Amino acid sequence: MKEEIVKLKKERNAIILAHYYVADEVQEIADYVGDSYYLAKIAKESTADVIVFCGVKFMGESAKIVNPNKIVLLPEKNADCPMAHMATVENVKKIKNEQDDLAVVCYINSSVELKSVSDVCVTSSNAIKIVKSLPNKNILFIPDENLGRYCQSKIPEKNFIFNKGYCHVHTAIHAFDLMKTKAKYKSALVLAHPECTGDILELADFIGSTSQIIEFSQKSTCNEFIIATELGILYELKSKSPNKIFHTISEQQSCPDMKSITLNSVLSSLKNNNYQVNVDDVIAIDALKPLEKMLDLAK
């Protein structure tokens with residue numbers, strides 16, 4: 001199956017992009033593995049004719065928006081992110097009408113419709129840097145409240161307005177379970193993603209995006225870590241630091257949408273154009289602006 005995927009990639013001038021949260025065997029055959037920001041950047045710079053995006057719907061949409069003339073494929077049609085839909089265009093427009101000096105900051109984990117009414121997109125790796133650079137006093141942060149509150153803790157000079165969105169994987173990591181894991185592995189450092197709730201972040205030794213967690217674990221003199229994010233990150237953590245030990249907290253640390261992507265669905269995607277990502281042209285024009293602004297400000 002892997003050999004056939006490689007053969008079809010060459011024939012179609014295709015690249016495979018994979019998020020850290022997909023299954024190990026899919027990460028293994030990908031040309032690029034990374035977090036949302038890195039993959040958005042690679043998608044924009046790619047010279048491939050076909051982009052196979054092993055991730056969820058909003059990632060495929062983002063790749064299509066920055067590559068309107070390329071074929072973008074999502075191996076699993078129903079792979080989606082619930083948080084991407086946890087804000088509404090109507091509410092965003094309402095707050096924009098009510099607030100002066102407002103910037104709508106949209107986490108990249110969001111639908112194309114939400115991006116189209118936003119001023120700038122951010123990822124967990126660049127949110128603080130980008131929000132700090134904005135001239136606006138008021139920040140409407142959508143859709144993830146946890147990441148928004150973490151940004152607020154680092155940028156107290158700005159006034160944040162929050163939305164009630166969340167990642168069901170990260171909010172399923174509970175402080176009680178983390179404390180039990182810490183008690184069991186006393187010398188381990190806790191590495192947490194800012195999509196986790198505040199009580200988890202208070203117990204963390206390091207807070208960062210998936211790519212930042214991987215980098216920290218590589219450079220750290222510590223050899224043992226407790227990981228408070230999606231389990232798919234373990235593949236890259238162990239690949240980059242084979243002599244270090246990584247512990248998980250709970251069986252709930254797995255995203256079923258990300259894990260729905262298999263080698264078989266990647267192969268089928270390349271063979272049959274399953275499933276082409278299409279974005280309405282008018283919405284795509286509006287959604288492109290905050291994505292391009294993110295790529296520019298995050299340089």
Side-chain angles (χ1 to χ4, degrees), residues 1-81 84 108-109 111-112 115 121 123 125 210-211 214 232 235-236 239-240 257-296 298-299:
M1 196 180 291
K2 289 178 182 176
E3 287 173 2
E4 195 170 355
I5 288 170
V6 171
K7 180 172 173 283
L8 281 167
K9 271 200 316 177
K10 288 179 181 175
E11 288 175 2
R12 300 198 62 187
N13 186 29
I15 59 164
I16 298 175
L17 308 183
H19 193 274
Y20 288 126
Y21 295 168
V22 300
D24 294 2
E25 62 267 22
V26 177
Q27 292 189 50
E28 189 182 343
I29 54 95
D31 297 292
Y32 300 93
V33 179
D35 60 11
S36 299
Y37 170 66
Y38 174 74
L39 295 177
K41 191 163 169 273
I42 292 295
K44 185 174 168 74
E45 295 169 354
S46 172
T47 57
D49 297 318
V50 178
I51 298 170
V52 181
F53 213 121
C54 300
V56 292
K57 186 179 177 184
F58 76 79
M59 297 177 180
E61 288 176 341
S62 296
K64 183 65 177 178
I65 290 164
V66 298
N67 293 283
N69 299 319
K70 293 183 180 179
I71 294 172
V72 177
L73 303 173
L74 196 66
E76 286 294 337
K77 181 169 63 174
N78 296 320
D80 203 355
C81 172
I108 199 167
N109 300 34
S111 68
V112 65
K115 290 182 177 74
C121 286
T123 68
S125 61
T210 42
S211 59
I214 292 164
Y235 177 80
E236 192 75 4
S239 298
K240 293 284 176 66
D257 286 278
M258 289 286 196
K259 296 298 188 287
S260 70
I261 297 162
T262 63
L263 285 181
N264 190 55
S265 59
V266 173
L267 178 58
S268 180
S269 188
L270 280 165
K271 270 185 176 178
N272 307 310
N273 271 354
N274 300 345
Y275 292 92
Q276 282 203 54
V277 177
N278 292 301
V279 179
D280 178 86
D281 290 343
V282 175
I283 293 176
I285 290 168
D286 290 333
L288 178 62
K289 295 170 188 173
L291 280 168
E292 286 188 326
K293 189 170 183 178
M294 175 189 76
L295 293 168
D296 183 53
K299 282 178 184 174

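Please read these numbers as outputs of a predicted model, since none were measured by experiment. Residue indices begin at 1 and follow the sequence shown.
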Legend entry - Heavy-atom donor-acceptor pair, Arg12 side chain to Asp49 backbone, under 3.5 Å: no
Inset, instruction - Flag the pair Lys259 / Val22 as yes when at least one side-chain heavy-atom distance between them is below 4.5 Å, and no otherwise. - result: no
Legend entry - Pairs satisfying ring-ring contact (aromatic ring centres under 6.0 Å, His included), at least one member in residues 20-52, at least two apart: His19-Tyr21
Legend entry - Atom pair CG/CD1 of Leu8 and Ile16 - distance to nearest 0.5 Å: 9.5 Å
Inset, instruction - To the nearest 0.5 angstrom, please state how far the CD1 atom of Ile42 sits from the CG atom of Asp31. - result: 10.0 Å
Legend entry - Pair Glu4 + Lys271: basic N to acidic O under 4.0 Å: yes
Legend entry - Side-chain heavy atoms of Ser260 within contact of Asn78, under 4.5 Å: no
Inset, instruction - Could you please spell out the steps behind the side chain to side chain donor-acceptor pair (under 3.5 Å) verdict for Ser269 and Asn274? - result: CA-CA 4 Å; Ser269 188; Asn274 300 345; over 6 Å; no
Legend entry - Flag if over 12 foreign heavy atoms under 6.0 Å of CG, Asp281: no
Legend entry - Pairwise distance OG(Ser62) to CG(Leu291) - rounded to 0.5 angstrom: 5.0 Å
Legend entry - N-O pairing of Glu3 and Lys7 below 4.0 Å: no
Inset, instruction - Determine whether Ser46 and Lys70 make a side-chain contact, defined as any pair of heavy atoms from C-beta on separated by less than 4.5 Å. - result: yes
Legend entry - Spacing of CG belonging to Asp280 relative to CD1 belonging to Ile285, to within rounding of 0.5 Å: 9.0 Å
Legend entry - Minimal non-hydrogen separation, Leu74 against Ala79, with atom names: CD2-O, 4.1 Å
Inset, instruction - Heavy atoms only: give me the nearest Val26-Leu263 pair and the separation to one decimal. - result: CG2-N, 4.0 Å
Legend entry - Residues that Phe53 engages under ring pair (Phe, Tyr, Trp, His ring centres under 6.0 Å), provided they are two or more places apart: none
Inset, instruction - Please examine the side chains of Met258 and Met59, heavy atoms only from C-beta on, and report whether any two atoms are closer than 4.5 Å. - result: yes
Inset, instruction - Could you pull out the closest heavy-atom pair between Gly34 and Leu39, with the gap in Å? - result: O-CD1, 3.5 Å
Inset, instruction - Kindly give the heavy-atom pair with the smallest separation between Asn67 and Ala43, and that separation in Å. - result: ND2-O, 2.7 Å
Legend entry - Min side-chain heavy-atom separation Leu73-Ile51 under 4.5 Å: no
Legend entry - Lys293 side, atom NZ; Cys121 side, atom SG - distance, nearest 0.5 Å: 11.0 Å
Legend entry - Asp296 side-chain N/O to Glu292 backbone N/O, donor-acceptor pair under 3.5 Å: no
Inset, instruction - Taking all heavy atoms of Ala40 and all of Met294, pick out the closest pair and write down the distance. - result: CB-CE, 4.5 Å
Legend entry - Heavy-atom side-chain contact between Val266 and Cys54 under 4.5 Å: yes
Legend entry - Close side-chain approach of Leu270 to Val52, heavy-atom, < 4.5 Å: yes
Inset, instruction - Mind listing the closest non-hydrogen atom pair of Val33 and Ala30 along with its distance? - result: CG2-CB, 3.8 Å
Inset, instruction - Output the distance between atom OG (Ser239) and atom CD (Glu28), rounded to the nearest 0.5 Å. - result: 8.5 Å
Inset, instruction - Mark yes or no for whether Lys57, through its side chain, and Val277, through its backbone, hold a donor-acceptor pair below 3.5 Å. - result: no
Inset, instruction - Please list, chain by chain and in numerical order, all residues satisfying side-chain contact (heavy atoms from CB on, under 4.5 Å) with Ala287, sequence neighbours excluded. - result: Ile65, Val112, Lys115, Ser116
